[in-house]
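Since the structure comes first, as structure tokens, the remarks are kept for the end.
Sequence positions, counted from 1, serve as the residue numbers for this chain. Note: hydrogens, waters and symmetry copies are ignored here, and every other heavy atom, side chains too, is used.
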Amino acid sequence: VMITEKDFRVIDFSGYLDQSEFHFNGFLRNFDLWLDDEKKGETYVEFDLESKKLKLDNLFAYGGENYVPEDYRHEEIDQLKFHGRTYLSFNQSKFMHADLELSNFTGKMKIHPLKFENFSTQIHLKPSSVNVKDFAGKMGHSDFKVNLHYNFNDNKPDRRNQFSIVSNRLNVDELTNYNPPPVTST
């Protein structure tokens, strides 16, 4: 861990969480904003996460409660790679907007036997709307690109909600295939 007046950097943080292995590098610019009573300004986060095996129930269970949707509770992702960066803006402790960029999300699920390849997107989030641009990647034999604009504010009729999906091949049978894990006796 390296800390300067405004920056916080995590280098080569590796380990195990139950049966999940991980390797993390991250950077937080203007981390002092998070320590102020009144948040004002911009902060930036960039990170890389890699894992040979990541078990979702190791990460999202706390106090006996599992927070993963039931079909994915026991899912494992092998050979996970994930790069992301986020810009956040605040004014008088009020969230103004966030820009999230995701690139190089890859991995292979075990229970839902699909491989994620080259997922990326740009997301712009404001209190009144979300805009998802070029959410694209390949799952199994399917590829797709999704764009979305959703307006949370009903008082602005000039902003229409929009959704589009483009695909060269969309194998719905493969995408919806689910084989439950074998029942084990306890």
Exercise for the section: Please determine which of H74, Q19, E75 meets the side chain to side chain donor-acceptor pair (under 3.5 Å) test together with K55. Expected result: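 The option that passes is Q19.
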
Handout entry: Candidate list T106, N104, D48, test side chain to side chain donor-acceptor pair (under 3.5 Å), partner H83, passing option
Key =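 For H83, the side chain to side chain donor-acceptor pair (under 3.5 Å) check succeeds only for D48.
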
Crowded around [X] [atom1]? As in, over 12 foreign heavy atoms under 6.0 Å?
{"X": "F13", "atom1": "CZ", "answer": "no"}
{"X": "E5", "atom1": "CD", "answer": "no"}
{"X": "K108", "atom1": "NZ", "answer": "yes"}

Problem - Exercise: do H141 and N171 side chains pair donor with acceptor under 3.5 Å - result: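 No.
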
Problem - Polar contact flag, side-chain donor to acceptor under 3.5 angstrom, D12-H23 - result: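 Yes, because at least one side-chain N or O of D12 sits under 3.5 Å from a partner of the opposite role on H23.
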
Any side-chain heavy atom of [X] within less than 4.5 Å of one from [Y]?
{"X": "K115", "Y": "M139", "value": "no"}
{"X": "L49", "Y": "L80", "value": "yes"}
{"X": "L33", "Y": "L35", "value": "no"}
{"X": "L125", "Y": "L100", "value": "no"}
{"X": "S167", "Y": "D143", "value": "yes"}
{"X": "V130", "Y": "I123", "value": "yes"}

Mind checking the [atom1]-[atom2] spacing from [X] to [Y]? Nearest 0.5 Å is all I need.
{"X": "D99", "Y": "K126", "atom1": "CG", "atom2": "NZ", "result": "10.0 Å"}
{"X": "D36", "Y": "S93", "atom1": "CG", "atom2": "OG", "result": "8.5 Å"}
{"X": "S120", "Y": "K145", "atom1": "OG", "atom2": "NZ", "result": "9.5 Å"}
{"X": "E50", "Y": "F24", "atom1": "CD", "atom2": "CZ", "result": "12.0 Å"}
{"X": "H97", "Y": "L88", "atom1": "NE2", "atom2": "CG", "result": "9.0 Å"}
{"X": "N131", "Y": "N147", "atom1": "CG", "atom2": "CG", "result": "8.0 Å"}

Exercise for the section: Just jot down the side chain to side chain donor-acceptor pair (under 3.5 Å) partners of Q162, sequence neighbours excluded, or say none. Expected result: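 Side chain to side chain donor-acceptor pair (under 3.5 Å) list for Q162, sorted by chain: empty.
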
State plainly whether the residues [X] and [Y] are in salt-bridge range, i.e. N to O under 4.0 Å.
{"X": "R85", "Y": "E101", "value": "yes"}
{"X": "D32", "Y": "K6", "value": "yes"}
{"X": "E76", "Y": "K53", "value": "yes"}

Take the angle between the ring planes of [X] and [Y] and call it parallel below 30°, perpendicular above 60°, tilted in between.
{"X": "F90", "Y": "F95", "result": "perpendicular"}
{"X": "Y87", "Y": "Y44", "result": "tilted"}
{"X": "F135", "Y": "F144", "result": "tilted"}

Practice task
Please report the closest heavy-atom contact between L17 and F22, naming both atoms and the distance.
Solution key: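 Heavy atoms only, the tightest pair is N-CE2, 4.3 Å.
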
Problem - Partner of L28 under side chain to side chain contact (heavy atoms under 4.5 Å, CB included), chosen from D7, V10, T43 - result: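 Running side chain to side chain contact (heavy atoms under 4.5 Å, CB included) over D7, V10, T43 with L28 returns exactly one hit, T43.
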
Handout entry: Verdict with reasoning, F27 to V45, per side-chain contact (heavy atoms from CB on, under 4.5 Å)
Key = CA-CA 6 Å; F27 176 74; V45 179; over 6 Å; no

With distance as the sole test, does [X] use its side chain to make a donor-acceptor pair with the main-chain N or O of [Y] at under 3.5 Å?
{"X": "S128", "Y": "F152", "value": "no"}
{"X": "S89", "Y": "M96", "value": "no"}
{"X": "N151", "Y": "S129", "value": "no"}
{"X": "T121", "Y": "K133", "value": "yes"}

Exercise for the section: May I have the step-by-step check of ring pair (Phe, Tyr, Trp, His ring centres under 6.0 Å) for F116 and F105, ending in yes or no? Expected result: CA-CA 7 Å; F116 294 92; F105 180 81; 5.6 Å; yes

Problem - Pair F47 and F82, ring centroids less than 6.0 Å apart - result: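 Yes, they do, as the ring centres are separated by less than 6.0 Å.
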
Handout entry: M2 vs I11, side-chain contact (heavy atoms from CB on, under 4.5 Å): CA-CA, chis, key distance, verdict
Key = CA-CA 8 Å; M2 295 174 51; I11 301 171; 3.5 Å; yes

Exercise for the section: Decide whether V146 and V166 are clustered together by the hydrophobic rule: side chain heavy atoms of Ile, Leu, Val, Met, Phe, Trp, Tyr closer than 4.5 Å, transitively. Expected result: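 V146 and V166: separate clusters.
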
